2 protein chains.
Amino acid sequence: MAGTKAHAADAPRVRRNREDEVLLAAIDVFHRKGYATASIQDVADSVGVLKGSLYHYIDTKEDLLARIFAESDEQSHTIMQEIAALEITAVERLRTFARTWSLWYLENVERSSLYFNEWRHLTGERLERIMDQRHRYELYVTDLIDAVVREGEADPDLNSRYAAFFVLSAINVLPSWYKRGGPDAPEHIAEVWADMIVGMVCHSEGRRKPRSGGGRSGT
Amino acid sequence: MAGTKAHAADAPRVRRNREDEVLLAAIDVFHRKGYATASIQDVADSVGVLKGSLYHYIDTKEDLLARIFAESDEQSHTIMQEIAALEITAVERLRTFARTWSLWYLENVERSSLYFNEWRHLTGERLERIMDQRHRYELYVTDLIDAVVREGEADPDLNSRYAAFFVLSAINVLPSWYKRGGPDAPEHIAEVWADMIVGMVCHSEGRRKPRSGGGRSGT
DNA sequence: TTGCCTACCAAACGATTGTCTGGTAGGGTT
DNA sequence: AACCCTACCAGACAATCGTTTGGTAGGCAA
């Protein structure tokens, strides 16, 4: 209960684990200046430490970026599992996917902006892993939309691959528009976004059924 | 007819104006490596010139980026005027906007990718001009969607600002997905994209009318 | 022929970069 | 008291960066 490292728990309460502090500072700095433009110096300044000292916690600058991404990957994996566990219609699954995901992006603007804008700066195996992850997302959404079509809730002529791109685009760009402290709560925006996405997929030429009352419906 | 500079016309026909050559090389290099990561050296290598020699054509590295953007701005301004000149329904205007714009992005992937990914690296007045332009686009699309609502082709409860974001997102992200030489022609993709966008805006709760036969319809 | 202008080379500049090395203060363990 | 380990400092490292300067080959005009 006192944390994994016993002696670290005695440090002043206000200071979290220094390693986390470095990660958080890096997220902020990389988000504001861009990974390539931001320097290790900037991150060190933000933490309040000489730049050389950072190498006590990280191996390289790219390693710092990769670690941020790893955290994001972890959290997104959790979200995906939660959605997968729900027993609901394909349409409702799509809606849940859109809403949950939009909300997460809105609540983690910096992290998700980094994920979309700076992934090019990874190299080798780490780059491949990111691109794999991205590809799996596309497939997941494509399958989801195919399922919606199979349920008869969308136009059978809908190109599910394109539709998936469209849906992902709309969600992914959220963090680049959103400014914190706007008039609308993130929850509200996420709801609207989910509506638009489901509407876009399901609008098919007059074939739409009324929205099933929130519960599940038989296939 | 021999070009603006008489003596330049005698240069080997295969070599275009060197200034254009520099711009094209910069577009390619900045697109591949990112503005911050790419060096003036890289651009010079691509042109086949020492890096110092580039400063015969440009003032600074940022100036080079800004000049690329200026070209893009010019072309987009032309497109906007062409669309504005058409006398068509708001829905068809939206569709035309989406189709034309999508197509332009698909045919100018490098240029438009730069426009979306590297605009942060401009400073001062040039940055402000870009952000102004961006803002004007949002307003234009918002107004367009309001017009669609006023025509009764979309749900009156539709939040036109959000819908505009959504539409712009979907279009803007196109160049980051598209790979040249894929199975589908850019024209086809643009058509599909326009359909999805119009569908998303117009799907409003069963109020949709059949698509007006391509011509104009009275208000 | 003389002179100018364009287009480029060759070489250097100061600044900044990511990273490494060696040292050390201080708390914890033995 | 002796030792070790973590967390950091101080300072240097080579490399790379954008940019500048001075020079020059060659075509064009007078």
Side-chain angles (χ1 to χ4, degrees), chain A residues 2-26 29-30 32-68 118 121-124 126, chain B residues 2-26 29-30 32-68 118 121-124 126:
Chain A
T4 37
K5 298 177 182 178
H7 67 282
D10 294 335
R13 213 52 60 96
V14 59
R15 161 182 298 181
R16 325 181 4 145
N17 188 1
R18 252 286 153 81
E19 193 156 352
D20 287 351
E21 221 177 326
V22 170
L23 279 191
L24 289 179
V29 170
F30 287 168
R32 286 205 328 269
K33 312 188 71 170
Y35 172 79
T37 308
S39 67
I40 289 290
Q41 183 86 256
D42 292 328
V43 179
D45 287 350
S46 176
V47 177
V49 154
L50 291 192
K51 65 171 178 172
S53 308
L54 281 189
Y55 285 82
H56 184 65
Y57 301 99
I58 65 171
D59 291 338
T60 63
K61 189 187 178 190
E62 187 189 321
D63 169 62
L64 183 50
L65 185 64
R67 227 180 281 186
I68 296 173
E118 313 288 1
H121 295 103
L122 294 184
T123 60
R126 298 201 261 228
Chain B
T4 39
K5 297 176 181 178
H7 67 279
D10 294 334
R13 211 54 58 95
V14 59
R15 163 182 297 181
R16 325 181 6 145
N17 188 2
R18 251 289 153 79
E19 193 155 353
D20 287 351
E21 220 177 326
V22 171
L23 279 191
L24 289 180
V29 170
F30 288 168
R32 286 206 329 270
K33 312 187 69 170
Y35 172 79
T37 308
S39 68
I40 289 290
Q41 184 87 256
D42 293 326
V43 179
D45 287 349
S46 176
V47 178
V49 154
L50 291 191
K51 66 172 177 172
S53 308
L54 281 189
Y55 285 82
H56 183 66
Y57 301 99
I58 65 171
D59 291 339
T60 63
K61 189 187 178 188
E62 186 189 323
D63 169 61
L64 184 50
L65 184 64
R67 228 181 279 186
I68 296 173
E118 313 288 1
H121 294 105
L122 294 183
T123 59
R126 299 202 261 227

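Given the structure is predicted, the values throughout are model-derived calculations rather than measurements. Every chain is numbered from 1 and lettered A, B, ... according to where its sequence line falls, protein lines coming before strand lines.
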Under 3.5 Å for both distances, Watson-Crick or G-U wobble, that's the pair rule; now give the dot-bracket for DNA chain C, with | marking pairs to another strand and [ ] for crossing ones.
-> ||||||||||||..|||.||||||||||||

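In the set C:dC9, C:dG18, D:dT19, the nucleotide with an atom closest to the side chain of A:Lys61 is C:dG18.
C:dT19 atom C1' lies 14 Å from atom CD of A:Glu62, rounded to whole Å. Taking atom OH of A:Tyr55 as the reference point, atom C1' of D:dG11 lies 15 Å away to the nearest angstrom. One interatomic measurement links the two molecules: NZ of B:Lys51 to C1' of D:dT16, which rounds to 8 Å at whole-angstrom precision. The nearest whole Å value for the distance from the NE2 atom in B:His56 to the C1' atom in D:dT24 is 14 Å. Atom CG in B:Leu54 sits roughly 10 Å away from atom P in C:dC8 (whole-Å rounding). Per the geometry, CD belonging to A:Glu19 stands 13 Å off C1' belonging to D:dT6, to the nearest Å. Atom OH in B:Tyr57 sits about 3 Å away from atom P in C:dC8, given to the nearest Å.
Remark: B:Ser53 is in phosphate contact with C:dC9, judged by side-chain N or O atoms under 4.0 Å from OP1 or OP2. For B:Arg18, a side-chain nitrogen or oxygen approaches OP1 or OP2 of C:dC8 to under 4.0 Å.
A side-chain donor-acceptor contact under 3.5 Å links A:Glu62 to the backbone of A:Thr123. Looking only at distances, no side-chain donor or acceptor of A:Asp20 sits under 3.5 Å from a matching main-chain atom of A:Asn17.
Taking the charged nitrogens against the carboxylate oxygens, A:Glu19 and A:Arg67 do have a contact shorter than 4.0 Å, which makes a salt bridge. Salt bridge A:Arg126/A:Asp63: present, at least one basic N to carboxylate O contact under 4.0 Å.
For B:Ala44 against B:Leu54, the heavy-atom pair with the smallest separation is N-CD1, 3.8 Å. Of all heavy-atom pairs between A:Ala36 and A:His121, the closest is CB-NE2, 3.8 Å.
Counting heavy atoms from C-beta on, the side chains of A:Val49 and A:Arg18 come closer than 4.5 Å. Taking 4.5 Å as the limit, some side-chain heavy atom of B:Val22 sits within range of a side-chain heavy atom of B:Leu64.
By the 30° and 60° cut-offs, the orientation of the rings of B:Tyr35 relative to B:Phe30 is perpendicular.
Contacts between residues 36-50 of chain A and DNA chain C, defined by a heavy-atom separation below 4.0 Å, involve A:Ala38, A:Ser39, A:Ile40, listed by number.
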